[in-house]
Amino acid sequence: MISWTSILSLALLASSPLRGAPAASRLVSDSSVLQFHGFEAGARLSEIEARLRRLGGGRLRCDQAKADRRVSECRAVITDADLGGTVNLWVSAIDSVAGVITLSSDAAGDRLDRWRRRIEASYGRVGATVRGSEWMMQWVRRGRMLRLTWRTDHGAKAASVSLVDGRVLDGWGRSRARPAGSGPS
């Protein structure tokens, strides 16, 4: 069963160009690996499980898609002081490789500012984009994207960090576009 996370992941990808980047983003020396708190799109599920163990958190619970058995939707809850408390983790994986990772939580206290400062220290400053009640900052490197999003909903602020590996998703898209019986490329 594919959940709303899949729909959210596809919406995130549809609204986000994975090619090109703001000039400020290109100034940072790290040009390909975008990660947040040790999580990186393109990582294998076993690597994500190992990261969860190091954090002393829960384990991934994964469901396979019925339409394409290569696709898994995984979830975990992390409680970590460095992340600012409890955080939800969602992973969309193809052949056990993370195409999309999202960490989300309420933005109580200074959590949002801490997340933003941590990302900017690694990848440089970028301007925020506003769409309605949602704010977003985005960094792009060689087909990978890191996006910090926050919004206020009924007085409560929520924040998320999404990591997307366009190469994983592009490879999956190409394999789905091949006619049945055409064999591997």
Side-chain angles (χ1 to χ4, degrees), residues 1-18 21 25 28 30-65 68 70-80 82-107 111-112 114-116 118-123 126 134 136-151 158-173:
M1 176 176 118
I2 297 297
S3 66
W4 67 269
T5 306
S6 299
I7 296 166
L8 177 64
S9 298
L10 291 174
L12 175 72
L13 293 172
S15 68
S16 305
L18 291 177
S25 296
V28 177
D30 180 9
S31 61
S32 64
V33 178
L34 292 170
Q35 63 90 25
F36 179 71
H37 201 69
F39 293 96
E40 175 184 332
R44 300 201 56 76
L45 289 178
S46 59
E47 295 167 339
I48 295 169
E49 282 274 10
R51 177 71 183 141
L52 287 170
R53 280 192 302 277
R54 284 190 299 277
L55 290 171
R59 53 184 310 244
L60 284 177
R61 295 174 315 281
C62 298
D63 294 316
Q64 281 186 317
D68 187 337
R70 298 173 301 159
V71 177
S72 298
E73 293 293 325
C74 305
R75 291 179 176 73
V77 176
I78 305 165
T79 302
D80 182 74
D82 197 32
L83 277 169
T86 302
V87 175
N88 295 304
L89 172 71
W90 293 292
V91 181
S92 294
I94 295 111
D95 294 325
S96 296
V97 177
V100 180
I101 298 173
T102 301
L103 295 107
S104 71
S105 185
D106 63 58
R111 182 183 311 212
L112 174 61
R114 288 176 42 200
W115 287 11
R116 181 186 49 78
R118 182 179 192 145
I119 295 167
E120 287 180 334
S122 296
Y123 306 113
V126 297
E134 185 172 271
M136 183 231 4
M137 298 171 79
Q138 179 173 290
W139 295 260
V140 179
R141 306 278 190 283
R142 296 183 185 175
R144 291 185 174 136
M145 179 189 70
L146 184 152
R147 177 183 281 179
L148 173 64
T149 306
W150 65 97
R151 69 181 182 288
S160 66
V161 173
S162 297
L163 299 146
V164 179
D165 191 318
R167 295 171 290 193
V168 171
L169 299 173
D170 288 347
W172 176 63

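Everything numeric in this text was worked out from a predicted model, so none of it was measured. All values below come from the heavy atoms of this structure, side chains included, with hydrogens, waters and symmetry mates left out.
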State the [atom1]-[atom2] distance between [X] and [Y], to the nearest 0.5 angstrom.
X    : Y    : atom1 : atom2 : value
C62  : E49  : SG    : CD    : 7.0 Å
R144 : R167 : CZ    : CZ    : 3.5 Å
R75  : D63  : CZ    : CG    : 7.0 Å
F36  : S160 : CZ    : OG    : 10.0 Å
I101 : I48  : CD1   : CD1   : 4.0 Å
R147 : M136 : CZ    : CE    : 4.5 Å

Side chain [X], main chain [Y], donor-acceptor under 3.5 Å:
X    : Y    : answer
R51  : H37  : yes
R118 : L83  : no
R141 : Y123 : yes

For [X] and [Y], which heavy atoms make the closest approach, and how far apart are they?
X    : Y    : answer
D165 : A98  : CB-O, 4.2 Å
A41  : G99  : CB-O, 4.1 Å
T86  : S105 : O-OG, 2.9 Å
L34  : E40  : O-CG, 3.8 Å
L103 : L163 : CD1-CD1, 4.5 Å
E134 : R151 : CA-CB, 4.0 Å

TODO: Could you check F39 against V161 for side chain to side chain contact (heavy atoms under 4.5 Å, CB included), going step by step and ending with a plain yes or no?
DONE: CA-CA 10 Å; F39 293 96; V161 173; over 6 Å; no
TODO: Quick one: do V91 and L45 satisfy side chain to side chain contact (heavy atoms under 4.5 Å, CB included)? Show the steps, please.
DONE: CA-CA 9 Å; V91 181; L45 289 178; 3.8 Å; yes
Open item on the list: With a 4.5 Å cut-off on side-chain heavy atoms, are L148 and L112 touching?
Closed with: yes
Open item on the list: Side chains of S72 and Q64: any donor to acceptor distance under 3.5 Å?
Closed with: no
